[in-house]
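Encoded as structure tokens, here's the structure I'll be asking about.
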Amino acid sequence: MKLFRKIFLSIFFSFVATVSLISYAISVRQIADAEKSVVEENKIIGSFLTKEIEVNYFENKWPFESLKKLSERKEVLFWWIVRDDGTIHLADNSSFMETYVHDYFPEIANRLGKENISLNRSQNYGIFSTTLETGPKKWSFWFGFSLSRVAERRKEIISLITVTSVSVLVVLGVILYSSVKHFTKPIKELTTGAERIGKGDLSYRIRAASKDELGQLSHSFNKMTDDLQKTTVSKDYVDNIIGNMTEMLIVVDIEGKIRTVNKATLELLQYRGEEILGHSIEKIFKLEDIPQNWMEFERLIQEDKLNNFETHFTTKEERRIPILFSSSAIRGESGHPLFFVCTARDITERKRAEDEREKLVKDLQKALAEIKQLSGLLPICSGCKKIRDDKGYWNQIEEYISTHSEAIFSHGLCPVCLKKLYPDL
Amino acid sequence: MAAKKLVIMLAVFAGISFFLFSQGYGEELKLVPKKRPISVIDSALGTTVGTGWSTKENPQEAVKEAVEMALEGKQDKVPDFAIIFASSGSDMEAILSKAKELFKNKTKIYGGTSDSRAVMTNRGFAKATDRAYEYAKMEGKRSLAIMTVTSKDIVFGVGSANFADYPSVQEGSKVAILNAIKSAGKSPKELPQAILVTPARGLEEEAIEGIERVVGSHTPILGGTPGGPTFSVFGENKVYEKGISLAVIYTKFSAGYIFEGGFDVKDPNTGIVTKVDRQAIVEIDGKPALDVYDAWLGGEIGKLCKETIRFDLVRGLLTLHPLYRKYTSPNGKVYSLFSHPWPRDKTLVEKSVSTSTKIKVGERIYLSHGTWETLMNRVGNLPKMAKMQGKIDMNAKPIFGIGYICAGVLGTIPETEREKMPFLINYSNNNAPFIAPFTWGEQGHFPGIGNKHGNLLTSFLVITDKGQR
């Protein structure tokens with residue numbers, strides 16, 4: 001994951017968590033306040049009616065008008081005046097009259113006290129219950145109220161808080177995005193610079209706008225790059241040289257894997273870079289092309305004693321190409337070889353020239369040999385033109401030449417002789 | 001990639017928020033009323049009382065249902081006495097006929113129409129309709145209530161009269177009470193413990209006068225004018241529109257009764273009636289009665305009449321501001337006899353105030369005020385106050401109760417509250433059986449003064465075999 005994303009997501013997650021917690025806390029507080037307000041309001045109503053009922057009770061009256069108004073309140077679910085034995089004496093809904101309060105709310109009925117409020121949030125209601133000052137027989141007054149106002153308020157709060165929180169998060173996200181982008185930009189530039197320089201581009205410079213630590217780092221980086229540029233041959237330069245070499249260059253690691261090849265190698269062997277990079281050198285350098293055993297060959301390579309060794313590379317199309325192979329090791333601090341830089345020159349033309357020369361020499365030698373057979377001083381008879389051989393015998397010239405050369409005689413008459421011999425003809 | 005993670009993060013945030021906030025505040029509470037414990041009617045030894053009701057439209061079915069309910073679990077299926085009230089608009093002939101059939105023509109039946117809106121027993125508020133007056137005729141919604149009594153300790157007699165058959169209402173009423181006494185197997189010299197009456201509307205004072213001619217003014221007469229808008233009472237075999245149905249009660253048990261209005265009588269406005277026309281006051285202190293009454297109410301009548309064309313609303317308002325007369329007993333106790341005033345002329349041109357009571361010239365009238373709350377409380381406390389008046393222990397359970405509640409009072413009580421009334425009466429009546437029609441005029445007794453007819457009043461009678469203080 002990129003640094004920007006890491007920083008952004010980490011901080012943003014913290015924002016989300018913080019905003020969530022704050023939102024939750026605010027919401028809980030707001031809902032609690034709304035609930036408290038509803039409870040207080042109903043408690044006041046309950047207290048007021050309790051007093052009114054108590055005053056009327058001793059006059060054998062009930063405050064029906066007030067109780068009806070209570071019934072008409074949207075939030076009021078029911079009201080009951082309950083006798084000391086738990087029988088509902090009066091109710092907003094007469095269907096409940098003369099039934100037992102214990103059948104509906106046994107827990108509240110069993111712990112009846114002065115001005116109690118019991119809330120049941122799962123069923124969205126609250127109950128105000130209180131004993132009445134009705135002499136020794138304690139009657140009680142109950143009324144249930146809906147918490148729907150709290151529920152509605154809660155919905156509003158949730159909507160508001162959610163919208164606000166999301167808006168805040170979006171704004172914070174945008175600010176955070178800009179900030180992190182601003183702060184990571186030099187780092188990204190440094191990273192890019194490092195990568196570029198790593199690849200040998202020493203001309204790359206970071207634009208350092210700030211004067212903070214990152215700015216200083218950028219300056220330091222640029223200075224380092226300046227220094228490097230002054231003291232180091234750039235990779236481009238080297239790549240350029242390698243690329244333009246007419247000779248083949250192959251860098252092989254200690255395991256025999258090809259790490260670098262130049263353009264001349266690829267063109268000659270008809271490979272693409274990815275087809276041989278990372279592959280064993282044996283792909284192009286067959287074992288049968290090594291005259292010594294492999295161990296000896298390795299030793300020579302490791303000892304940098306392999307120089308202008310004549311052998312063959314094999315092309316992608318399995319065509320053998322004669323080369324003049326040299327190798328030298330790049331060694332680590334311990335002296336052990338890390339890489340082997342191998343160069344090879346295509347000697348196909350030279351080999352062909354050599355072959356042609358050899359053939360010519362042979363032809364000449366043969367011709368010379370044949371020319372020597374008839375050469376030297378031949379003792380010939382001035383009269384019969386016989387030739388004396390080495391053994392002192394006189395031989396007809398045709399016989400002698402046929403014996404000492406490939407020449408065969410065909411007998412005929414020349415015109416002079418013909419005229420002379422056969423003047424009649 | 002980062003944007004995707006960001007979106008996921010925000011989604012997780014929203015999800016967590018939703019989860020956290022979705023905790024609590026679930027479904028609304030839905031309470032379902034539990035079944036009430038069965039009320040055991042432990043009547044006095046030798047007396048069984050039952051009540052039943054029906055809201056069936058068919059009169060025969062309604063009577064059958066109500067009677068079966070009243071006699072449920074009782075050995076004797078033919079009671080001695082039955083009080084039947086049905087909402088105005090019911091087929092009273094059919095009801096009487098069916099009741100007589102079910103009771104094998106042996107049960108003494110007393111009753112008549114209740115207000116078109118309801119009747120009431122200890123079993124509940126038997127609502128016919130929310131609507132009163134002329135609407136009741138059209139709606140076809142009915143209710144009926146019955147109370148049956150079988151007793152070897154309480155003797156009932158019933159009598160009735162169709163006033164058209166007699167030279168005067170007084171005479172018809174006299175015949176009716178004599179027949180009732182005879183029906184109870186008593187002689188006119190034996191005064192009943194109480195008399196229940198249902199006299200025709202507008203003739204109540206004359207009916208009381210006729211009854212008092214037989215039993216005197218110290219025998220309590222409790223009753224109610226039949227409820228409207230159509231009125232009728234039960235005779236022995238017929239239904240009378242302009243008649244009287246009454247019952248006499250003879251018993252050695254204690255009786256307690258109450259006849260009162262429960263209005264606030266502190267208003268200083270008062271005047272002398274200077275001119276009347278039947279059941280209407282024409283002038284108060286020599287001025288048009290409506291002007292005086294409206295002035296007492298701060299011009300509310302005129303204002304309301306301008307604002308609404310619904311005359312029942314005007315009547316509704318005035319229900320809570322009745323006029324009343326004061327009666328002081330020999331022992332110094334002051335009783336208030338209320339009358340329900342309303343403009344006789346809906347256009348307010350003629351400025352008489354109808355009261356449904358016969359107020360005499362020279363009588364002082366006063367202005368009173370009430371609220372539906374005070375009236376509802378009064379209804380709830382009726383048995384308690386009846387016991388108090390009869391010096392009966394408050395904890396004593398009556399054998400039964402009979403009430404007459406003004407339909408005007410019913411009208412002031414919000415519809416949602418009306419069904420509470422029987423529960424309140426039950427508590428005050430120690431869960432004893434009772435029946436209470438809603439009447440368009442009430443009759444009752446002021447001890448030491450006599451029997452009176454008024455409006456916006458309630459009468460309630462309790463009979464108990466125990467607990468006399």
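Order of the sequence lines fixes the chain letters, A, B, ..., with proteins taken first and strands second; residue numbering starts at 1 for each chain.
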- Message: Please give me the minimum heavy-atom distance between A:Trp80 and B:Leu31, naming the atom from each residue.
- Response: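 It is CZ2-CD1, 3.7 Å.
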- Please look at A:Asn120 and chain B and tell me whether the side chain, the backbone, both or neither of the residue comes under 4.5 angstrom of a heavy atom of that chain.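 Neither part, no heavy atoms under 4.5 Å.
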- Query: Just by distance, do the side chain of A:Asn60 and the backbone of B:Asn381 share a donor-acceptor pair under 3.5 Å?
  - Reply: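 Pair absent, no side-chain N/O of A:Asn60 close to backbone of B:Asn381.
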- Query: Contact part of A:Ser71 toward chain B, heavy-atom cut-off under 4.5 Å: side chain, backbone, both or neither?
  - Reply: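 Contact with chain B is absent: no heavy atom of A:Ser71 under 4.5 Å.
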- Task: Flag the pair B:Tyr427 / A:Trp139 as yes when their ring centroid distance falls below 6.0 Å, and as no otherwise.
- Result: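 B:Tyr427 vs A:Trp139: aromatic centres under 6.0 Å.
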- Is a side-chain N or O of A:Tyr104 found less than 3.5 angstrom from the main chain of B:Lys34, in a donor-acceptor match?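 A pair under 3.5 Å: yes.
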- Item | Polar side-chain atom of B:Lys420 near backbone of A:Met97 as donor-acceptor pair, under 3.5 Å |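 Such a contact is absent between B:Lys420 side chain and A:Met97 backbone.
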- Query: Are the side chains of B:Trp372 and A:Glu65 in touch, meaning some heavy atoms are under 4.5 Å apart?
  - Reply: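 They are in contact (side-chain heavy atoms under 4.5 Å apart), so the answer is yes.
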- Message: What I'd like to find out is whether the side chain of B:Leu424 reaches to under 4.5 Å of the side chain of A:His89, using heavy atoms alone.
- Response: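 B:Leu424 vs A:His89: side chains touch.
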- Greater than 12 external heavy atoms within 6.0 Å of A:Lys114's NZ: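 Correct, the count exceeds 12.
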- Determine the minimum heavy-atom distance between A:Phe64 and B:Asn377, stating which atoms define it.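 It is CE1-OD1, 3.2 Å.
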- Message: Is A:Ile157 in contact with chain B via its backbone, its side chain, both, or neither, using a 4.5 Å heavy-atom distance?
- Response: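 Looking at A:Ile157, nothing touches chain B.
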- Query: Do the non-hydrogen side-chain atoms of A:Asn93 and B:Thr416 ever get within less than 4.5 Å of each other?
  - Reply: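 Contact flag for A:Asn93/B:Thr416 side chains = no.
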- Heavy-atom distances under 4.5 Å only: say whether A:Ala91 touches chain B with side chain, backbone, both or neither.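 Answer is backbone: N, CA, C or O of A:Ala91 sit under 4.5 Å from chain B.
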- Query: Checking B:Glu419 against chain A: side chain, backbone, both or neither under 4.5 Å from a heavy atom?
  - Reply: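 Both parts, backbone and side chain.
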- What do you reckon, is NZ of B:Lys333 surrounded by more than 12 foreign heavy atoms closer than 6.0 Å?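 Not buried by this count: 12 neighbours or fewer within 6.0 Å.
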- Query: Roughly how far apart are B:Glu373 CD and A:Asn56 CG, rounded to 0.5 Å?
  - Reply: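 Answer for the CD-CG pair, B:Glu373 versus A:Asn56, is 6.5 Å.
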- Just wondering, do B:Met376 and A:Trp62 contact through their side chains at under 4.5 Å, heavy atoms?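 No - every pair of side-chain heavy atoms lies 4.5 Å or more apart.
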- Residue among B:Asn426, B:Thr371, B:Val32 with most heavy-atom pairs under 4.5 Å to chain A: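 Sorted descending by pairs with chain A, the first entry is B:Val32.
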- Task: Examine whether an atom of A:Phe145 lies under 4.5 Å from a heavy atom of chain B, and if so say whether it belongs to the side chain, the backbone or both; otherwise answer neither.
- Result: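 Interface part for A:Phe145: neither.
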- Query: How close do B:Pro33 and A:Ser95 get, heavy atom to heavy atom, and via which atoms?
  - Reply: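 The pair with the smallest heavy-atom distance is CB-O, 3.6 Å.
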